[in-house]
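Every chain is numbered from 1 and lettered A, B, ... according to where its sequence line falls, protein lines coming before strand lines. Hydrogens, waters and symmetry mates play no part in the numbers below; they use all other heavy atoms, side chains included.
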Amino acid sequence: MLYKENELKINNSLTGEKEVFESILDGFVGLYVCGPTVYSNVHLGNCRTFISFDVVYRYLLHLGYKVRYVRNITDAGHLENDAEEGEDKIAKKARLEQLEPMEIVQQYTLDFHKVLDQFNNLPPNIEPTATGHIIEQIEMIMDIFDNGFAYESNGSVYFDVEKYNESNNYGELSKRKIEDLVSGTRTLDGQDEKKSPLDFALWKNAKPEHIMKWPSPWGLGFPGWHLECSAMSTKYLGETFDIHGGGMDLKFPHHECEIAQGTAATGEKPVNHWMHANMLTLNGKKMSKSTGNTLLPDELFSGNNDVLGRAYDPIVVRFFMMQAHYASVLDFSAEALNASEKGFNRLMEAIQSLKEITPKGDSSIDVDALIGKFYAAMNDDFNTPILVSHLFEATKYIQGVKAGKETISSTDFEKLDKAMKAFTFDVLGLKEITEEKQDNGSLDTVMELVLQMRQQARENKDWTTADAIRDKLKEANIVVKDDKDGAKWEAQ
RNA sequence: GGUCCUGUGGCCGAGUGGCUAGGCAGUGGUCUGCAAAACCAUCUACAGCAGUUCGAAUCUGCUCGGGACCUCCA
């Protein structure tokens with residue numbers, strides 16, 4: 001198995017160190033990633049996180065691990081704020097749109113799936129919902145209660161952070177000190193239910209007007225935001241599992257609370273390796289639903305936006321993201337995207353060129369070493385930009401072989417061919433952009449005729465006519481390119 | 001205000017105490033009737049100041065700039 005001969009190192013947000021990854025069970029990995037709260041369309045920033053972890057998932061699979069990848073859908077419990085009258089985001093949207101909450105959930109879950117599919121993300125193995133795990137959440141609250149880390153107040157249940165901090169370290173993930181947190185807390189209305197402003201809701205009492213509520217030992221209510229991830233990750237991956245991922249902005253308080261809840265409920269540290277994907281910025285600022293600084297995937301794929309001016313293929317956007325490390329901030333711009341598009345095409349050209357290579361004699365470079373660099377890059381905390389740079393190194397070599405300037409042996413060719421495709425398609429999750437073979441119908445026939453006539457003109461060295469046809473077609477957004485074996489055309 | 005991250009060539013982005021990242025753009029070529037595409041070659045760097053060191057873009061301190069979190073966000 002590949003994972004036995006590759007030492008994978010992962011930067012652990014919990015320790016701040018790059019650590020050698022060892023799974024709890026040999027050959028198996030439990031991976032949990034915080035999914036979206038489905039009350040609006042996913043934007044590109046959201047997508048970056050999910051694409052980052054898609055690559056993590058893909059590389060683990062490539063290494064031969066059997067991975068259980070769980071990514072939740074939060075469809076209840078995510079409050080507008082932590083004040084007493086904080087409204088559930090789904091419920092609020094439902095109220096505003098005059099729809100059933102589950103209609104909201106369905107609409108945006110479908111959008112989420114569609115978009116991630118366009119980015120060629122693999123689906124997780126389990127995609128549990130918060131509403132589907134109310135019982136598990138209630139049970140977890142009871143465990144936390146039994147262990148003395150929760151208290152009830154007016155039908156709501158809160159996590160006792162200060163009590164927890166006596167025997168544990170609240171803030172260990174986000175590197176915060178509890179005193180700083182207390183002094184930095186803003187006073188929100190309606191926090192009198194809580195013993196301390198740091199305490200967070202495990203269960204919220206539902207007012208009569210609330211539309212999403214469930215029975216519990218504490219009356220009708222709904223679960224707190226952080227709880228569903230703890231309940232579902234524990235259920236499907238165990239009390240302690242291998243990797244938990246999510247966006248950097250979830251580190252505090254969401255993930256901090258997860259650690260506290262999990263530890264309080266089971267006595268075990270819930271997660272060995274915490275991974276945080278960094279933000280995608282637009283105009284130098286984080287993409288964010290609340291500030292409106294966002295770009296929706298559809299706006300990007302259609303070119304219907306003010307930022308870029310034209311459409312880009314989802315795979316090009318994915319490649320653009322691969323050229324930055326997941327833990328670095330990445331800024332989105334038309335210029336950067338254009339550069340990626342051309343680079344992507346170059347990489348695809350090279351993979352095409354593999355078909356035209358005839359292996360012969362000895363290899364003029366050390367192919368094993370080159371492939372070793374592919375692995376080394378990914379083993380070093382999933383360093384996709386380094387991997388990409390080595391793929392370009394391979395690109396240069398492949399074109400050299402094709403041009404007869406370099407040579408490759410047949411065994412090396414098989415290895416390189418396999419590795420190039422494995423890393424490009426399986427690990428990075430790229431794919432050839434297949435022109436939408438939309439049925440052009442009569443246009444195909446017409447173009448065939450036109451190009452035939454132009455070819456005739458070229459053979460007669462009637463360049464004026466040949467060029468005029470090409471120019472006129474270009475005005476009609478049809479680009480003609482002359483290759484060695486005839487002309488090709490494509491509609492822009 | 002508190003905590004933390006970051007500042008690389010025209011643009012995007014890796015990285016290590018001494019050894020070419022890479023992509024795009026630019027420049028020069030190859031190919032082509034021309035054009036486009038493709039391919040080859042190649043230039044520009046490490047925010048500022050001080051320190052540690054034989055040697056620092058890489059370590060330390062300070063200054064200036066950018067960002068994240070501290071309230072919901074991937």
Does a salt bridge link [X] with [Y], judged by any charged N lying under 4.0 Å from a carboxylate O?
| X | Y | value |
| --- | --- | --- |
| R458(A) | D482(A) | yes |
| D467(A) | R470(A) | yes |
| R454(A) | E459(A) | no |

Collect all protein-nucleotide pairs involving nucleotides 35-38 of chain B in which both atoms are nitrogen or oxygen and the distance is under 3.5 Å.
residue : atom : partner : partner atom : Å
A35(B)  : N6   : D482(A) : O            : 3.4
A35(B)  : N1   : D482(A) : N            : 3.3
A35(B)  : N3   : R470(A) : NH1          : 3.0
A36(B)  : N1   : D482(A) : O            : 3.4

Aromatic ring proximity [X]/[Y], centre distance under 6.0 Å:
| X | Y | value |
| --- | --- | --- |
| Y236(A) | Y32(A) | no |
| Y375(A) | F423(A) | yes |
| H276(A) | H255(A) | yes |
| Y164(A) | F159(A) | yes |
| F112(A) | F50(A) | yes |

[X] has a side chain; which of [options] sits nearest to it?
| X | options | result |
| --- | --- | --- |
| A466(A) | G33(B), G13(B), G23(B) | G33(B) |
| F50(A) | A74(B), U3(B), A68(B) | A74(B) |
| K289(A) | C40(B), A74(B), G15(B) | A74(B) |
| I386(A) | C12(B), A74(B), A21(B) | A21(B) |
| P253(A) | C72(B), G2(B), A74(B) | C72(B) |
| A339(A) | A21(B), G23(B), A74(B) | G23(B) |
| T37(A) | G13(B), G67(B), A74(B) | A74(B) |

Under 4.0 Å, heavy atoms only, any strand: does [X] hit a base, just the sugar-phosphate, or nothing?
| X | answer |
| --- | --- |
| D249(A) | base |
| K251(A) | nothing |
| G246(A) | sugar-phosphate |
| A403(A) | nothing |
| S328(A) | sugar-phosphate |
| H325(A) | sugar-phosphate |
| K177(A) | nothing |
| A336(A) | sugar-phosphate |
| L391(A) | nothing |

> Can you find a pair of side-chain heavy atoms, one from L60(A) and one from R58(A), that are under 4.5 Å apart?
Replying inline: no
> Is any side-chain heavy atom of T281(A) less than 4.5 Å from a side-chain heavy atom of L330(A)?
Replying inline: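 Heavy-atom side-chain distance check fails, nothing below 4.5 Å.
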In whole angstrom, give the distance that lies between atom [atom1] of [X] and atom [atom2] of [N].
| X | N | atom1 | atom2 | result |
| --- | --- | --- | --- | --- |
| K89(A) | U71(B) | NZ | P | 14 Å |
| H226(A) | U71(B) | NE2 | C1' | 11 Å |
| M321(A) | A74(B) | CE | P | 14 Å |
| L330(A) | C5(B) | CG | P | 20 Å |
| F252(A) | G2(B) | CZ | C1' | 12 Å |
| K286(A) | C70(B) | NZ | C1' | 12 Å |
| E335(A) | G13(B) | CD | P | 11 Å |
| N383(A) | G23(B) | CG | P | 16 Å |

Sticking with atom [atom1], work out how far [N] lies from [M], rounded to a whole angstrom.
| N | M | atom1 | result |
| --- | --- | --- | --- |
| U63(B) | C46(B) | P | 23 Å |
| G67(B) | G18(B) | C1' | 32 Å |
| G13(B) | C4(B) | C1' | 22 Å |
| G65(B) | C49(B) | C1' | 15 Å |
| A14(B) | C62(B) | P | 26 Å |
| U44(B) | A37(B) | P | 26 Å |
| C43(B) | G26(B) | C1' | 9 Å |
| A74(B) | C11(B) | P | 32 Å |

> Passes salt bridge (charged side-chain N to carboxylate O under 4.0 Å, His left out), K177(A) versus D180(A)? Steps please.
Replying inline: CA-CA 5 Å; K177(A) 292 197 177 74; D180(A) 296 340; 5.1 Å; no
>> Quiz question: by atom type and distance under 3.5 Å, do the side chains of E256(A) and Y170(A) form a donor-acceptor pair?
In response: no
> Any luck finding a side-chain donor-acceptor pair between K396(A) and Q399(A) under 3.5 Å?
Replying inline: no
> Under a 3.5 Å cut-off on both pairing distances, which runs of 3 or more consecutive Watson-Crick or G-U pairs involve RNA chain B?
Replying inline: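 Stems (3+ consecutive pairs) listed as B:1-7 with B:64-70, B:10-12 with B:22-24, B:26-30 with B:38-42, B:47-51 with B:59-63.
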>> For a quick check, tell me whether the side chain of D467(A) and the base of G33(B) share a donor-acceptor pair closer than 3.5 Å.
In response: yes
> Closer to the 5' end of RNA chain B via nearest nucleotide, is it K175(A) or S290(A)?
Replying inline: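 Its nucleotide being nearer the 5' end, the pick is K175(A).
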> Mapping G35(A) and F332(A) onto RNA chain B by nearest heavy atom, which one lands closer to the 5' end?
Replying inline: F332(A)
>> Taking 4.0 Å as the cut-off, does a side-chain nitrogen or oxygen of T281(A) come that near to OP1 or OP2 on G67(B)?
In response: no
>> According to a cutoff of under 5.5 Å between the ring centres and under 30° between the ring planes, does F392(A) stack with the base of G23(B)?
In response: no
